[in-house]
Structure formats: C-alpha cells, structure tokens
Amino acid sequence: SVSHSLPKKYEDALVLLLTEVLNRIQFRYNQAQLEELDDETLDDDQQTEWQRYLRQSLEVVAKVMELLPTHAFSTLFPVLQDNLEVYLGLQQFVVTSGTGHRLNITAENDCRRLHCSLRDLSSLLQAVGRLAEYFIGDVFAARFNDALTVVERLVKVTLYGSQIKLYNIETAVPSVLKPDLIDVHAQSLAALQAYAHWLAQFYSEVHRQNPEQFISLVSTALEAITPLISSKVQEKLLLSACHLLVSLATTVRPVFLISIPAVQKVFNRITDTSAQRLPDKAQVLVCRALSNVLLLPWPNLPESEQQWAVRSTNHASLISALTREYRQLKSNAILPQRKVQLEDTKVIIHQTLSVLEDIVESISGESTKSRQICYQSLQESVQVSLALFPAFIHQSDVTDEMLSFFLTLFQGLRVQMGVPFTEQIIQTFLNMFTREQLAESILHEGSTGCRVVEKFLKILQVVVQEPGQVFKPFLPSVISLCMEQVYPIIAERSSPDVKAELFELLFRVLHHNWRYFFKSSVLASVQRGVAEEQMENEAQFSAIMQAFGQSFLQPDIHLFKQNLFYLETLNTKQKLYHKKIFRTTMLFQFVNVLLQVLVHKSHDLLQEEIGIATYNMASVDFDGFYSAFLPEFLASCDGVDSNQKNVLGRNFKMDRDLPSFTQNVHRLVNDLRYYRLCNDSLPPGTVKL
C-alpha cells in the first residue's frame with residue numbers, strides 16, 4: 001500500500017484531518033452547525049444540503065483510506081463501535097405495551113442524546129459502506145480480517161434491527177426518533193450491500209475449503225432481509241432490503257441461495273396472489289432478485305453442475321405466477337371495455353410489464369443459456385402482449401409501456417425470439433402505425449404519444465442494424481414508413497425528440513445496409529479501373545438525403561450537430577461524398593447550405609465542424625468548387641456590390657489543404673458579414689447593390 005512511502009509528518013497530518021472530518025459530521029461534536037443544514041429541500045442533483053455535506057465529507061474519508069488504509073480503519077472503526085453499542089443496547093429499554101412495543105426512554109435530555117447518537121450512527125454506517133472498495137481486489141487477503149470484522153458487525157446489526165422491529169416501535173418523540181430508527185436500519189442494510197463485491201470474492205476464495213463462515217454471513221443477512229419484504233414496512237426500509245437482496249442474488253450468487261428457507265419464503269410471498277402486492281419499485285426489485293437466483297450461472301462451478309433443467313422449471317413457474325392475471329387479459333382484450341374495467345386492466349398491464357421488462361434487462365448481457373431460459377418462461381406473455389397491442393393503440397400510456405417492453409426484448413433477446421416471431425411483431429407494428437395513428441401520436445408534442453413513436457423508431461433501429469439477410473426484406477417498408485409517414489408529419493414542426501430518433505434510424509438504414517443502395521460490382525471495377533457503382537433504390541436515397549439537407553436549415557442545433565456527424569461518418573466509412581449521385585446532384589447544394597449557416601451565424605458553436613465538413617465535401621471536386629460553385633455563390637449573395645464580390649473572390653485562395661481551406665472559408669464568411677454591416681449602415685442609395 002501507499003502508506004509506506006508517506007513521511008511521518010504527512011501521516012500524522014492525514015490522521016488528524018480524518019479525525020477532524022469525522023468529528024465535523026457528528027452531532028456529538030458539531031451539533032450547532034449540523035442543525036443549520038437543511039435536510040428537506042432537494043437541489044438539482046436530488047440531494048439535500050445535509051446529504052451533500054455528508055457526501056463531500058465521506059469523499060475525504062475515502063481519500064485518506066486510499067492513502068493510509070490501516071490508520072484510517074483504526075480511526076473510524078472504534079467511532080462506529082461506540083455508536084453501535086448505544087443502538088444495540090436499546091433492547092433493554094423495549095417494553096411490551098398494550099398496543100405493541102414501546103421504547104422506554106422518555107426524559108427529554110435522553111431523547112435528544114439518542115437522536116444525536118442515531119443520526120451519527122447513520123452517517124458512520126455510510127462512511128463504512130463508502131470504504132468497501134478498499135478491501136477487494138489485490139488487497140483482499142491482506143485486509144481480510146478488517147473487512148470480516150465490519151461485515152460481521154453489519155450482519156449482526158441488520159438482523160438485530162429486523163428482529164426487535166425497531167422500525168415499528170412506539171417512542172416518546174415519534175416524529176423524531178421513529179425516522180431515526182428507520183434510517184439507521186436502512187443504512188445498515190445499504191452498508192452491507194456495499195460489501196457485496198467483497199462477499200463475492202470471499203465466496204470464490206473459500207468455496208472449496210471451509211465455506212461455513214461465508215454461508216453463515218449470507219444466511220443471517222437473508223434472515224434480516226425477509227421480515228422487511230412486506231407492504232407494511234416503510235418504503236425507505238423496504239427498498240434498502242430489496243436492493244441488498246438483489247445484490248446477493250446478482251453479485252454474490254451463492255449456489256445455496258435457492259435452498260435457504262428465507263428465500264423460499266420470499267418466493268412464496270411474491271407468487272401468492274392473495275398476499276398484498278408490494279409497492280411497484282419493491283415488487284420489481286424482488287422479482288429481479290428471484291429471477292436472477294434462477295437464471296444467473298453460479299460462479300466457481302462447471303457447466304455440468306449448473307442444474308439448468310430444474311432451474312428452468314422453477315423459473316417458468318415463477319414467471320407463470322407473476323403473469324397469471326396478465327395472460328388472462330388476452331381473451332377479453334377484443335371486447336369493448338367499460339371505464340372502470342379499463343383502469344383495472346391498465347394497472348395489470350403496468351404492473352406486469354414493469355416486472356418483465358426489468359427481468360429481461362437484467363439478464364440481457366448474460367450467457368446464452370440464461371437468455372434462453374428467460375425467453376422460454378416469457379414466451380406466452382410476449383405473445384399476449386402482441387395480441388393486446390392493437391386493442392390499446394389509442395391508449396398511448398399503454399402502448400408506451402408495451403413498446404418499452406418490446407424494445408427491451410429486441411435489445412436483449414432477439415436471437416432467442418427467432419426470426420418468424422420477430423417478423424410478426426414488426427409487421428404488426430408497421431400495420432398499426434398508420435399515417436393517422438402517427439399524426440395522432442406526434443401532434444401532442446412532449447406527450448406520451450411522442451414517446452411511443454420514439455420507441456417504435458428505436459425498435460426499428462435495432463432491426464436495421466442486424467447483420468445477415470434476415471431482416472433485409474423489411475427495409476423497403478421501414479424506409480417508406482420513415483419518409484412517407486413519419487417525416488411529412490414532423491418536417492415542418494420542431495418535434496426535436498422524434499426527429500433525433502428518425503434521423504438516427506435513417507443513418508442506421510444507410511450505414512448498415514449500404515448495398516441496398518450501392519451494389520459496387522467488383523468485375524466492373526477491374527475492367528474499367530474505376531468502380532462504376534450500380535445505384536439501386538435511387539428515389540429513396542435521394543429522399544433521405546433531402547431530409548438531411550432540410551434539417552440543416554432548421555434552428556435545432558442538436559439535430560444539426562447529430563446529422564452533420566452522421567453524414568461525415570457515412571463519408572469516412574462508405575465514401576458518401578464520392579458517390580456519383582451525391583457528387584453530381586447534391587454536393588454543392590450541401591456546401592451552399594453549410595456556408596449559408598455560417599453566414600447567418602445561427603450555429604456558431606459548430607463553426608469548426610461545419611468548416612471541416614465543407615472541406616470534406618469540396619475536396620471531392622475542387623475544380624468544380626473553384627471554377628463554378630464559388631463564383632455562383634458570390635453572384636447570388638445579396639447585400640454586397642460587385643466590387644466587394646470581386647474582392648471576396650480574390651481573397652479566397654485556391655488552397656487544397658484543410659487548414660488553409662477552412663481559414664479561407666471563415667475569412668470569406670466574416671468579410672461578407674462585415675460588408676453587409678457596412679452597407680446597411682450607409683444612407684440608402686450610396687452603394688449600388
């Protein structure tokens with residue numbers, strides 16, 4: 001570690017700094033200042049003043065830990081211990097009352113001291129969590145004992161909190177002490193979650209020899225988590241428990257998780273239709289954890305010991321239970337629904353799809369086997385979704401969620417879905433999104449309708465990028481949807497988000513399917529020594545290019561930058577500007593538009609990019625640029641007289657290298673502006689324009 005190389009005086013200074021920072025975040029030492037900090041109002045980063053202060057202080061603690069790991073740990077841990085003793089000692093003050101449990105601490109002074117101690121414990125738990133990264137990797141063995149001490153304490157504290165149910169206890173000052181107790185419990189779970197990577201490394205080091213210690217830590221943590229997974233527990237605490245469960249299932253992945261009674265309890269609770277459903281966020285997290293327990297490969301074990309068959313059966317029944325109500329919607333979807341029924345149906349769709357989408361997303365980067373099992377379990381629900389889609393085409397909030405789900409499927413499981421079914425999905429969407437439907441969706445700008453169209457375009461982006469011939473048959477209908485249906489609706493409107501997705505789709509169509517437009521025959525190039533391209537689908541290509549050209553005339557600077565980048569990429573990768581059709585019919589139109597934009601100063605932030613693109617286009621045909629384009633451009637300039645035009649032309653030297661050329665362009669633009677300004681300020685009739 002670095003500490004050996006630090007001179008003694010720096011070591012002392014850093015330890016002093018650490019002690020001082022730790023004192024400054026504790027009410028015990030710094031109450032007056034800390035009480036001043038606001039802990040209600042959120043700033044732009046969704047933090048309160050107090051949270052920001054604490055976070056910045058913890059960064060200092062982490063920095064000292066990085067430089068002086070042993071000193072830092074031995075300074076922090078005793079402080080944490082002190083506050084933990086107070087918390088763990090509360091058990092002796094818990095008395096049973098008629099209505100439940102009560103904390104028998106009532107003197108105002110004691111309550112205030114307890115409040116400060118709990119606030120400090122909460123901060124110190126966050127500090128310990130922040131240091132987790134300094135115990136893993138190469139230093140795992142060297143710092144093992146310190147980390148083990150921390151994790152054992154955290155496991156003990158979380159279990160204690162869940163067992164004596166401090167979150168449900170009656171206190172003398174409920175408005176203050178109850179949130180404190182809930183926060184400490186939530187922070188202890190979050191701190192333990194921070195050590196998930198350490199637990200994973202512990203697992204891989206010991207799983208062959210004596211894993212008892214490891215098994216005991218994980219099992220106890222799960223005993224602390226399960227009682228909290230209930231709709232009766234405050235959401236802050238419930239979510240901390242869910243996040244810890246997800247980390248154990250995803251990062252640590254012990255082979256024995258599935259057989260622990262606590263985990264089976266959670267399975268039963270989630271799949272039991274009579275149980276009260278958890279709030280949405282918690283439901284999604286718990287389902288992700290349970291799905292991952294069954295889908296993710298176990299670390300440290302060969303393929304033959306992964307027990308895929310039984311895990312696959314279990315996963316299928318988990319998903320089947322989670323989607324029961326959803327799958328029953330299929331039979332009623334065709335019937336017209338009453339208002340109340342429709343709202344109920346929407347709730348079922350929302351709840352089911354948010355869970356399924358999250359499950360797919362969490363395994364999209366995993367092994368083929370995990371993705372296969374996931375898709376087998378989901379197959380029926382996916383088919384139901386497709387069947388329901390047309391029935392809800394006018395309910396943009398529902399189509400928005402459905403398309404989110406399909407987008408996630410296309411990104412994560414398109415191989416597993418197979419070609420025929422994928423074709424069926426795309427065809428259904430293409431049929432549903434008629435011109436009228438698109439107009440209805442897009443014309444409410446910033447609305448859910450717009451988001452629906454954006455997601456549909458994103459799905460098509462995934463489809464047109466797919467290598468091989470599989471989805472090539474869709475290209476004509478994708479292009480016609482873009483150019484004949486979507487583009488006319490948005491061409492004259494600002495619709496920034498839909499436009500950005502549409503142009504990205506057009507770029508992907510060109511970039512990944514270049515041969516759909518340009519079949520360069522090798523034979524022809526050998527015979528003539530120059531590739532004479534055969535152009536196909538010329539009308540579609542021209543329409544797309546024209547749309548790009550139009551976008552440069554609009555005020556949206558983000559779209560301008562994105563589209564200029566797309567054209568430049570197509571030129572770098574596929575020699576767009578050199579293609580005959582571009583060279584002969586479009587090149588100088590584009591150069592003209594770019595120069596006009598520079599003259600109008602409308603996109604000044606992009607001066608440099610515009611200058612380079614102008615050069616890349618002009619350099620394809622410098623002769624044409626200097627002999628025909630430039631004179632015509634100057635002749636058509638208004639606001640300057642013929643003498644001034646001649647000067648502008650003479651000053652533009654016939655350079656052919658990038659720096660000189662762009663310098664000439666910027667000089668031309670500045671001089672032209674200057675002349676116009678001068679001419680405008682003279683009395684009318686002075687200059688013969």
Side-chain angles (χ1 to χ4, degrees), residues 280 284 323 326-327 329-330 333 342 345-362 364 374-375 378-414 416-417 421-466 471 474 477-478 481-482 485-487 489-490 495-506 508-509:
D280 279 355
V284 165
T323 58
Y326 183 67
R327 287 177 293 113
L329 293 177
K330 188 176 174 178
L342 179 64
T345 304
K346 280 184 174 184
V347 169
I348 295 174
I349 293 176
H350 164 72
Q351 291 181 339
T352 311
L353 290 185
S354 53
V355 165
L356 296 184
E357 185 182 333
D358 182 85
I359 285 176
V360 174
E361 204 166 299
S362 70
S364 60
C374 184
Y375 184 64
L378 283 175
Q379 198 161 4
E380 191 188 339
S381 300
V382 175
Q383 284 162 345
V384 168
S385 307
L386 192 60
L388 291 176
F389 187 78
F392 289 96
I393 189 73
H394 297 294
Q395 308 281 334
S396 59
D397 49 350
V398 178
T399 40
D400 184 35
E401 295 196 285
M402 289 197 164
L403 284 177
S404 270
F405 176 50
F406 277 107
L407 178 56
T408 308
L409 282 171
F410 270 89
Q411 287 165 336
L413 298 177
R414 61 181 174 283
Q416 286 68 32
M417 289 197 310
F421 185 53
T422 310
E423 286 180 345
Q424 191 191 333
I425 296 174
I426 298 167
Q427 206 46 66
T428 306
F429 290 166
L430 288 170
N431 297 344
M432 293 314 301
F433 284 106
T434 57
R435 180 81 181 260
E436 299 71 42
Q437 183 53 45
L438 288 163
E440 178 191 320
S441 299
I442 295 173
L443 297 180
H444 309 292
E445 260 172 56
S447 65
T448 336
C450 274
R451 286 212 302 278
V452 167
V453 178
E454 286 159 42
K455 281 171 189 163
F456 176 42
L457 295 171
K458 275 189 198 295
I459 289 175
L460 295 176
Q461 288 165 18
V462 176
V463 171
V464 300
Q465 284 181 72
E466 197 57 24
F471 296 129
F474 283 111
S477 43
V478 169
L481 173 97
C482 291
Q485 317 255 19
V486 182
Y487 183 65
I489 304 172
I490 59 171
S495 317
D497 300 334
V498 179
K499 269 190 185 153
E501 296 302 343
L502 176 71
F503 279 103
E504 175 161 351
L505 174 54
L506 291 173
R508 304 258 168 231
V509 163

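For the numbers below, each heavy atom of this structure counts, side chains included, while hydrogens, waters and symmetry mates do not.
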TODO: Write down the atom of K455, the atom of S404, and the distance for their closest heavy-atom approach.
DONE: NZ-OG, 2.9 Å
TODO: For the pair E454 (side chain) and A500 (backbone), establish whether a donor and an acceptor sit closer than 3.5 Å, ignoring hydrogens and angles.
DONE: no
Task: E357 to E401 - nearest heavy-atom pair and separation - done: OE1-O, 4.5 Å
Open item on the list: Is there a side-chain contact between L457 and F503 in this structure, where contact means two heavy atoms from C-beta onward sitting under 4.5 Å apart?
Closed with: no
- [ ] For L356 and L378, work out which heavy atoms get closest and say how close.
- [x] CD2-CD2, 3.4 Å
Open item on the list: Under 3.5 Å, is there a donor on one side chain and an acceptor on the other for Q411 and E361?
Closed with: no
TODO: Would you sort out whether T408 and S364 count as a side chain to side chain contact (heavy atoms under 4.5 Å, CB included), showing the intermediate values?
DONE: CA-CA 9 Å; T408 308; S364 60; over 6 Å; no
TODO: Measure the shortest side-chain to side-chain distance between R414 and L409 over non-hydrogen atoms and say whether it is less than 4.5 angstrom.
DONE: no
TODO: With rounding to the nearest 0.5 Å, note down the distance linking OH in Y326 to CD1 in I348.
DONE: 10.5 Å
Open item on the list: With rounding to the nearest 0.5 angstrom, report the SG to CG distance, C482 to L506.
Closed with: 4.5 Å
Task: Rounded distance (nearest 0.5 Å) linking atom CZ of R508 with atom NZ of K458 - done: 10.5 Å
Task: Any side-chain heavy-atom pair of L460 and F410 under 4.5 Å - done: no
Task: Minimum side-chain heavy-atom gap V398-H350 below 4.5 Å - done: no
Task: side chain to side chain contact (heavy atoms under 4.5 Å, CB included) evaluation trace for V463 with V478 - done: CA-CA 10 Å; V463 171; V478 169; 5.7 Å; no
Task: Side chain T352, main chain I349, donor-acceptor under 3.5 Å - done: no
Task: Flag, side chain of S495 to backbone of V498, donor-acceptor distance under 3.5 Å - done: no
Task: Nearest heavy atoms of Q485 and T434, plus distance in Å - done: OE1-C, 4.0 Å
Open item on the list: Using ring centroids (six-membered ring only for Trp), state whether F429 and F389 fall under 6.0 Å.
Closed with: yes
Open item on the list: side chain to side chain contact (heavy atoms under 4.5 Å, CB included) for L430 and F456? Distances and angles first, verdict last.
Closed with: CA-CA 9 Å; L430 288 170; F456 176 42; 4.0 Å; yes
Task: Any donor-acceptor N/O pair, D358 side chain to S354 backbone, under 3.5 Å - done: no
TODO: For side chain to side chain contact (heavy atoms under 4.5 Å, CB included), just list the numbers for L386 and Q424, CA-CA rounded to whole Å, side-chain angles, deciding distance to a tenth of an Å, and then say yes or no.
DONE: CA-CA 9 Å; L386 192 60; Q424 191 191 333; 3.8 Å; yes
Open item on the list: Do V486 and F433 make a side-chain contact, defined as non-hydrogen atoms from C-beta onward lying under 4.5 Å apart?
Closed with: no
Open item on the list: Just verifying a value: how many Å separate F406 CZ and T428 OG1, rounded to the nearest 0.5 Å?
Closed with: 8.0 Å
- [ ] Kindly give the heavy-atom pair with the smallest separation between V452 and S396, and that separation in Å.
- [x] CG2-O, 3.5 Å
TODO: Kindly compute the distance separating CE (M402) from CD (Q395), expressed to the nearest 0.5 Å.
DONE: 10.5 Å
Open item on the list: Please report the interatomic distance CG(L353) to CZ(F405), rounded to the nearest 0.5 Å.
Closed with: 6.0 Å
Task: Closest non-hydrogen atom pair, V462 against L407 - done: CG2-CD1, 4.4 Å
